[in-house]
Q: 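A single structure is presented below for examination.
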2 protein chains.
Amino acid sequence: MVGIADVARAAGVSKATASRALTGSGYVSDSTRERVLQTAASLGYVASTAAVSLATGKTQNVGVVMPYISRWFFAEVLEGIQDALLRHGYDLTLYDARPGTDGRRRVFEDFLARKRFDGLIAVGLEPSDNELERLIAVGRPLVSVVGPSSDTSTIGLDDLHAARRATEHLVELGHTRIAFVGGGGQHWAHVDHMRLVGYQQTMADAGLAPMHVFSPVSLPGGYAAAVDLLGDVRRRPTGIVGTCDEVAIGAIIAARRLGLPVPSSLSVVGIDNHEYADMFSLTTLEQQPHAQGTQAAEMLLRQLREPNTPIIELRLHATLIVRNSTAPPTGVPSAAVGAAGATGAG
Amino acid sequence: MVGIADVARAAGVSKATASRALTGSGYVSDSTRERVLQTAASLGYVASTAAVSLATGKTQNVGVVMPYISRWFFAEVLEGIQDALLRHGYDLTLYDARPGTDGRRRVFEDFLARKRFDGLIAVGLEPSDNELERLIAVGRPLVSVVGPSSDTSTIGLDDLHAARRATEHLVELGHTRIAFVGGGGQHWAHVDHMRLVGYQQTMADAGLAPMHVFSPVSLPGGYAAAVDLLGDVRRRPTGIVGTCDEVAIGAIIAARRLGLPVPSSLSVVGIDNHEYADMFSLTTLEQQPHAQGTQAAEMLLRQLREPNTPIIELRLHATLIVRNSTAPPTGVPSAAVGAAGATGAG
DNA sequence: TTGTATGCGTTATCAA
DNA sequence: TTGATAACGCATACAA
């Protein structure tokens, strides 16, 4: 391999000068810098990351810890993070920490302790007390996406707000029998819970009775839950708030299978703006996981550059995208006002 | 930080002995080994990866290059790779190389050249000549999943075989008007092409006329293509082979929307066994991307241990999973034999 | 079985 | 503005 010594020799300077020219730090005359850069390029010189890390203490690498990789939200966030890091010349080391697995234990006990990174991004991790402790003990800047904001910078959707807006949308359309489908996840629990609370608050504010149907946070989960819910004519709502788009889409598919046209017989609203939302004409509250990932990475990189950057918490407000899965309930004219008395109507 | 010198001092041995005890290489008496390990643990000693890399030339890290992260197949493979690497104590550095992006260029030009890994796994990369050249030039063991098998170990589905089996399934059921939906991807092109060819071969073998409908390789893509295809009554087939499950599921959704019951009016078969396949009762040819990722990682790790491991190419045969999206065409009784003359029947 | 000494490829300190 | 030299933290050849 060609090292900095080779470059220095070929350029007729010392290793020290070559290093200064290549890293851009310290005084070097323009002419020699140019010469060093030229010879380095012609020799195909690439600095050994191991040697650089050893000498500087920096790795030019960022660790990303997430409980799932293949779920839509996580995969999108990961892409966003990768985008930003790539632009800044940082590598990305991925740590998969599925809840309850032995791998997760090893990630926290062994892998993180190696500190092969300058900083850490935790995505939707929901760490236990012990895990959080270890995370902090690593002693590197930490940014979390959808995570507990204790002492670390955080970015994430305002879930309470999103669920409120989703529910309000149905209320404003005149719906009174509105069910919330979700809230059944063991993990992803905090987000799911906040959305349920947002729904409940809005229902209470509107003087409506809440109806909560548990569902795993997935498309098949939403499908199954909705089949159950919609199959019973007496319980059947006219509107459904899905805890996320996958659940909402599952509900739409269930409704179609049961012969319930959407939105004329059933309105469905989700949260996410999932890549399939458009295809199902799903009205939803948009969050942009890709952008969240990018922002998280940039927050972290800033902390690496300027260690005194204050810790910030970013709560994003989702915006409502109205498509064709929501409409006034049957019997209610387009104007939404004055539908209050219809509570008992089938 | 606590270094090996601290451990050595505390244990009353030299750095060399401490190193031997900790790495497990070279002669150390059981008693001192035990003592060193104990003190290392009590001091919370963790070797500096940078120093180890510099001294040994090994990184204990594997690079993974893939064009997409958030697509089902890639995300699953990635999880499988991560699983295996984690078990063996290897880190995973991820390189996103979306076709046509500036990031991809930088990955090949800058990031790979840094060689921050002992080996590389390329997933569905479809590298250009120039890119392939750089990949080889890295000079590290390379395993590819769904990739060109020139000089490198490869693992991947036998796409020709899978498409043949899918098509044969419909032929055996008695279908004669069978369309292939797919073959429209710019990227993912090789796989898509092989599946098309497998379909075409089987149709030719059966003496049937092929019908190819272009579609992007995605659920919405399959949906749109199927809406087009099924909307025209005169062209309408009784069977559809989707180039993958997402396309096939898109077709099922399209059929339902058009009031065509599946499988009584239309049979659909896919390739993948996607996580949504079960929910849509999709008959499909199963491949297991997670397992492919795990195997790829293990093949690579073996090459790292035993550099003379021969290059191998693993072509996996998908197995047919029959669910409820396929049935004999209307008018054809359960026995599939003797349906040959019905070519022109609507 | 253990200790000494050297090298891995850079950066950083200090003199020149 | 440049050069000699000492870290950086560990593994290992060699000597003991």
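What you see below is based on every heavy atom in this structure, not just the backbone, and it leaves out hydrogens, waters and symmetry mates. So you know, we letter chains A, B, ... as the sequences are listed, proteins then strands, and number each from 1.
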Q: Closest heavy-atom contact between Y90(B) and N61(B)?
A: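 Residues Y90(B) and N61(B), closest heavy atoms: CD2-N, 3.5 Å.
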Q: Quick one: is dC10(D) close enough that its OP1 or OP2 comes under 4.0 Å of any side-chain N or O from T56(B)?
A: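 So the side-chain polar atoms of T56(B) never come under 4.0 Å of the phosphate oxygens OP1 or OP2 of dC10(D).
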Q: What is the nucleic acid contact for A47(A), judged by heavy atoms within less than 4.0 Å: base, sugar-phosphate only, or nothing?
A: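 It contacts sugar-phosphate atoms only.
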Q: I want to confirm an ordering. Mapping R20(A) and V2(A) to their closest nucleotides on DNA chain C, which one lands closer to the 5' end?
A: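 The residue closer to the strand's 5' end, by nearest nucleotide, is V2(A).
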Q: How long is the line joining NZ of K15(A) and P of dA6(D), in whole Å?
A: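 Between P of dA6(D) and NZ of K15(A): 12 Å.
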Q: Which nucleotide, dT2(D), dG3(D), dC10(D), lies nearest any side-chain atom of S29(A)?
A: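 Within the option list, the nearest is dT2(D).
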Q: I'd like to know if the side chain of E131(B) reaches the main chain of F108(B), judged simply by a donor and an acceptor atom lying under 3.5 Å from each other, with no hydrogens or angles considered.
A: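 It does not hold such a pair.
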Q: Decide whether a cation-pi geometry holds between R114(B) and F111(B); the criteria are a distance under 6.0 Å from NZ or CZ to the six-membered ring centre and an angle within 45° of the ring axis.
A: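 Yes.
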Q: Think Y45(B) has a side-chain N or O under 4.0 angstrom from the OP1 or OP2 of dC10(D)?
A: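 Answer is yes, contact under 4.0 Å.
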Q: Would you compute the distance between atom CG of D6(A) and atom CE of M1(A) and round it to the nearest 0.5 angstrom?
A: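 Here the rounded value is 7.5 Å.
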Q: Roughly, in whole Å, what's the span from NZ in K58(B) to C1' in dC10(D)?
A: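 Spelled out: NZ on K58(B) to C1' on dC10(D) is 16 Å.
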Q: Between P on dG9(D) and CG on L54(B), what's the gap in Å once rounded to a whole number?
A: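 About 12 Å, once rounded to whole Å.
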Q: Mind checking T23(B) for me? I need base, sugar-phosphate or nothing, with any heavy atom below 4.0 Å counting as a touch.
A: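 The residue T23(B) makes sugar-phosphate contact but no base contact.
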Q: With the threshold set at under 4.0 Å for non-hydrogen atoms, list the residues of residues 31-43 of chain B touching DNA chain C in residue-number order.
A: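 Result for residues 31-43 of chain B: T32(B), sorted by number.
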Q: Below 4.5 Å, heavy atoms only, C-beta onward: do D159(A) and H190(A) meet side chain to side chain?
A: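 With C-beta onward as the side chain, the pair stays apart.
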Q: When you list every nucleotide of DNA chain C with an atom under 4.0 Å from a heavy atom of chain B, which one comes first 5' to 3', and which comes last?
A: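 That gives a stretch of dT1(C) to dG9(C).
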Q: Using a cut-off of 6.0 Å, state whether more than 12 heavy atoms not belonging to E109(A) lie near its atom CD.
A: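 Counting neighbours around CD of E109(A), more than 12 heavy atoms of other residues, nucleotides or ligands fall under 6.0 Å, so yes.
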Q: As a test of reading the structure: which of dT2(D), dC10(D), dT12(D) is closest to the side chain of V28(A), going by heavy atoms?
A: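 So the nucleotide nearest the side chain must be dT2(D).
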Q: Quick check: are there more than 12 heavy atoms from other residues, nucleotides or ligands sitting under 6.0 Å from CD of E298(B)?
A: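 Yes, enclosed.
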Q: Would you indicate what S19(B) reaches in the nucleic acid, counting non-hydrogen atoms under 4.0 angstrom: base, sugar-phosphate, or nothing?
A: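 Base: the residue S19(B), judged by heavy atoms under 4.0 Å, touches a nucleobase.
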Q: Can you tell me how far C1' of dC8(D) sits from CE of M1(B), to the nearest Å?
A: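 Computing the M1(B):CE to dC8(D):C1' distance gives 10 Å.
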Q: Do T17(A) and S14(A) pass the side chain to side chain donor-acceptor pair (under 3.5 Å) test, and can you show the C-alpha distance, the side-chain angles, and the key distance before you say yes or no?
A: CA-CA 5 Å; T17(A) 306; S14(A) 69; 3.1 Å; yes
Q: Return yes when atom CG of D129(B) has more than 12 non-hydrogen atoms of other residues, nucleotides or ligands closer than 6.0 Å, and no otherwise.
A: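 No.
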